[in-house]
Amino acid sequence: MTEQSGDEVAQGILGPAYRRLSIGIVSAVVFVAFESMAVATAMPTAVPELDGMALYAFAFSAFFTTSLFAMVVSGELCDRTGPRLPLILGTGAFTVGLLLAGSAQSMWPFLAGRAIQGLGGGLVIVALYVVVGRAYPERLRPKIFAGMAAAWVVPSIVGPLVAGLLTDELSWRWVFLGIAPLVLIPVFLALPSTKAVDGPPPGGATRRAGRKRFALAAAVGVGLLQYAGSRADLLAIAVAAVALALMVPSVPKLLPPGTIALRRGLPTVVALRGIYAGAFFGTETFLPLLLVAERGLSSTLAGLSLTGGALGWATGSWYQGRTRTVAPRYLLVRAGGLFVAAAIGSVSLALVEAVPPYVVMFGWVIGAFGMGIATASMSVLLFQLSPVEEHGANSAALQVSDALFTATFVGLAGTIFGTGHAESIAQTTVDHWVYLVIIAVMAVLALFGAWAAGRVRAPSDAAPTGMTAGPPPPGPAAEPTA
């Protein structure tokens, strides 16, 4: 890893020293985001054509399960050899997965393509985080994380539209095949710059025995848990029991020691990343349905709440990265949690006829703004609190926490919804208590995260160097922490 000169530190993320790398990183996120939005739009057409409706849920869970495993593998590779190898392997796997899914003639090859895509996505996202930690000085990390969040905005707006047009006018296959060659562009842009930060850290990688085995157990457990949540019979209970038997001993091994107990510093940062994601997405999953079923909005208008959420998230990420934003990071994380909790609570107003639906939609933008502030701040804190030899493992832990909590609480919300739907199956709408229980659970989770935000500070209770988003003080603290 190279040490930045004074001129490089003084530049922004689009300065000559960082421009090519920044464009490559943001472009990679753009294509991943577009693929995510587009696939969700094309799937209802693709799966029936492949005669695979019985396996519809697995088209999503196959991607998630393999990406969870790949995140841990990528973290280890980054710490041992540097981020270039997992970046190359991940991009290649993602491209192969797109080609296989787009050319599949039956459901099983399609699922295989989705699984290979997941492997590629998991490898790439962790490698990108490690590149950020190694290549950018601490002062610029909030800005590049803001850029990565902003990269989701345009795909969130045009992704479903473009995918819908391709599916209706040509074929759903072009949603996969059309983007396959494009995902190679970011790699060609970023690779020359990553060469300078490649290789193992000076002190060597920290050895962690058995992490791949634990990652595989956790990934299989999560996949089984998702399957159990899609059923309402005795088999679901048995499958859920097996899933928990796999996850309970393995998940803590993939996270920093003390994460479950919210130990001060890095463990709490990793835990809160998952807590906030679980609360936010556990609510967002049902927000469009609530607006359509209870307030009579069209699917297009209800979908605008998600578009507004993407804009709010990007704005929050931009705000935390401003040079003028000088609040301590733990306060930004706490404020973000309070915004999220308030937004989740505002969703209940959709059940009140006197409240216009746009009030709920605006409230969700505010919650997404809070997520942008909090998640980008936690990404910055991760590298402030991590030694360079653990950048890969801790970046993987952050992504694993995000994915696990999201899957768990989206699944919990689905179970609550399914229970209420079964009781009101003869009705045209679901009883309001079902939505209120989901909202209450997720709001309490977000409030708990906001309460725990003070524990992201270092164990000494003193704010670590560079705890603000503004310029660091002059002297040694201004140098890159890595």
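The structure displayed is predicted, hence computed values, not measured ones.
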Q | Minimum-distance pair of heavy atoms, taken over all atoms of Leu398 and Val269 | A | CD1-O, 4.2 Å
Q: Return the minimal non-hydrogen interatomic distance between Phe69 and Lys212, and the atom names on each side.
A: CE1-O, 3.4 Å
Q) Between the side chain of Arg455 and the main-chain N/O of Leu262, is any donor-acceptor distance below 3.5 Å? A) yes
Q: Give the intermediate values and the outcome of side-chain contact (heavy atoms from CB on, under 4.5 Å) for residues Leu338 and Leu447.
A: CA-CA 6 Å; Leu338 293 174; Leu447 286 172; 4.2 Å; yes
Q: Indicate the atoms forming the closest heavy-atom contact of Val347 with Leu287, along with that distance.
A: CG1-CD1, 4.0 Å
**Q.** Exercise: identify the closest heavy-atom pair between Gly336 and Ala374
**A.** CA-CB, 4.2 Å
(Q) Nearest 0.5 Å, please: how far is CG in Leu382 from CG in Leu266? (A) 6.0 Å
(Q) With heavy-atom distances below 4.5 Å as the criterion, would you say the side chains of Pro252 and Phe214 are in contact? (A) no
Q. Could you state the interatomic distance from OG1 (Thr81) to CD (Glu76), rounded to the nearest 0.5 Å?
A. 11.0 Å
Q: Check whether any side-chain N or O of Ser250 sits under 3.5 Å from a backbone N or O of Leu246 as a donor-acceptor pair, and report yes or no.
A: yes
(Q) Under a 3.5 Å threshold, yes or no: a donor from one side chain and an acceptor from the other, between Ser379 and Tyr129? (A) yes
Q: Evaluate the ring planes of Phe63 and Phe94, with Trp represented by its six-membered ring, and classify them as parallel (under 30°), tilted (30 to 60°) or perpendicular (over 60°).
A: perpendicular
Q) Can you find a pair of side-chain heavy atoms, one from Val222 and one from Leu404, that are under 4.5 Å apart? A) yes
Q: Show the numbers, then the answer: is there a ring-ring contact (aromatic ring centres under 6.0 Å, His included) between Phe280 and Trp364?
A: CA-CA 10 Å; Phe280 184 82; Trp364 198 245; 4.7 Å; yes
Q: Would you confirm whether Ser67, through its side chain, and Gly122, through its main-chain N or O, come within 3.5 Å as a donor-acceptor pair?
A: no
Q. Should Val26 and Val29 count as side-chain neighbours, where that means a heavy-atom distance under 4.5 Å?
A. no
**Q.** Heavy-atom closest pair, residues Asn394 and Ser386
**A.** ND2-OG, 2.9 Å
Q. Is it the case that more than 12 heavy atoms not belonging to Phe281 sit under 6.0 Å from its CZ atom?
A. yes
Q: Mark yes or no for whether Arg84, through its side chain, and Ala127, through its backbone, hold a donor-acceptor pair below 3.5 Å.
A: no
Q) Going from OG on Ser74 to CG on Leu119, what distance comes out if it is rounded to the nearest 0.5 angstrom? A) 11.0 Å
**Q.** Under 3.5 Å donor-acceptor, Arg334 side chain and Trp451 backbone
**A.** yes
Q | Test item: Gln399 and Arg273 side chains (from C-beta on) under 4.5 Å apart, heavy atoms | A | yes
Q. Which value, rounded to the nearest 0.5 Å, describes the distance between Leu21 atom CG and Tyr18 atom OH?
A. 9.5 Å
Q. Any side-chain heavy atom of Val359 sitting closer than 4.5 Å to one from Ser346?
A. no
Q) Could you walk me through whether Arg213 and Leu216 pass the side-chain contact (heavy atoms from CB on, under 4.5 Å) check? A) CA-CA 5 Å; Arg213 183 173 68 252; Leu216 181 60; 5.8 Å; no
Q) Would you say the side-chain atoms of Ser401 pair up with the backbone N or O of Val270, donor to acceptor, closer than 3.5 Å? A) yes
Q: First locate atom CZ of Arg141, then atom CG of Leu381, and finally report the distance between them rounded to the nearest 0.5 Å.
A: 11.0 Å
Q) Is the closest side-chain heavy-atom distance between Val333 and Met378 below 4.5 Å? A) yes
**Q.** Side-chain touch Gln320/Val380, heavy atoms, less than 4.5 angstrom
**A.** yes
**Q.** Check: Ser22 and Tyr136 side chains under 4.5 Å, non-hydrogen atoms
**A.** yes
Q.
Pair Phe383, Ser395 - check side-chain contact (heavy atoms from CB on, under 4.5 Å), show working.
A. CA-CA 9 Å; Phe383 293 111; Ser395 295; 3.7 Å; yes
(Q) Testing the basics here: between Gly345 and Ile439, what is the closest heavy-atom pair and its distance to 0.1 Å? (A) CA-CG2, 4.3 Å
Q: With rounding to the nearest 0.5 Å, note down the distance linking OG1 in Thr66 to CD1 in Ile116.
A: 9.0 Å
Q: List the steps and the verdict of side-chain contact (heavy atoms from CB on, under 4.5 Å) for Leu128 and Val124.
A: CA-CA 6 Å; Leu128 289 178; Val124 167; 3.9 Å; yes
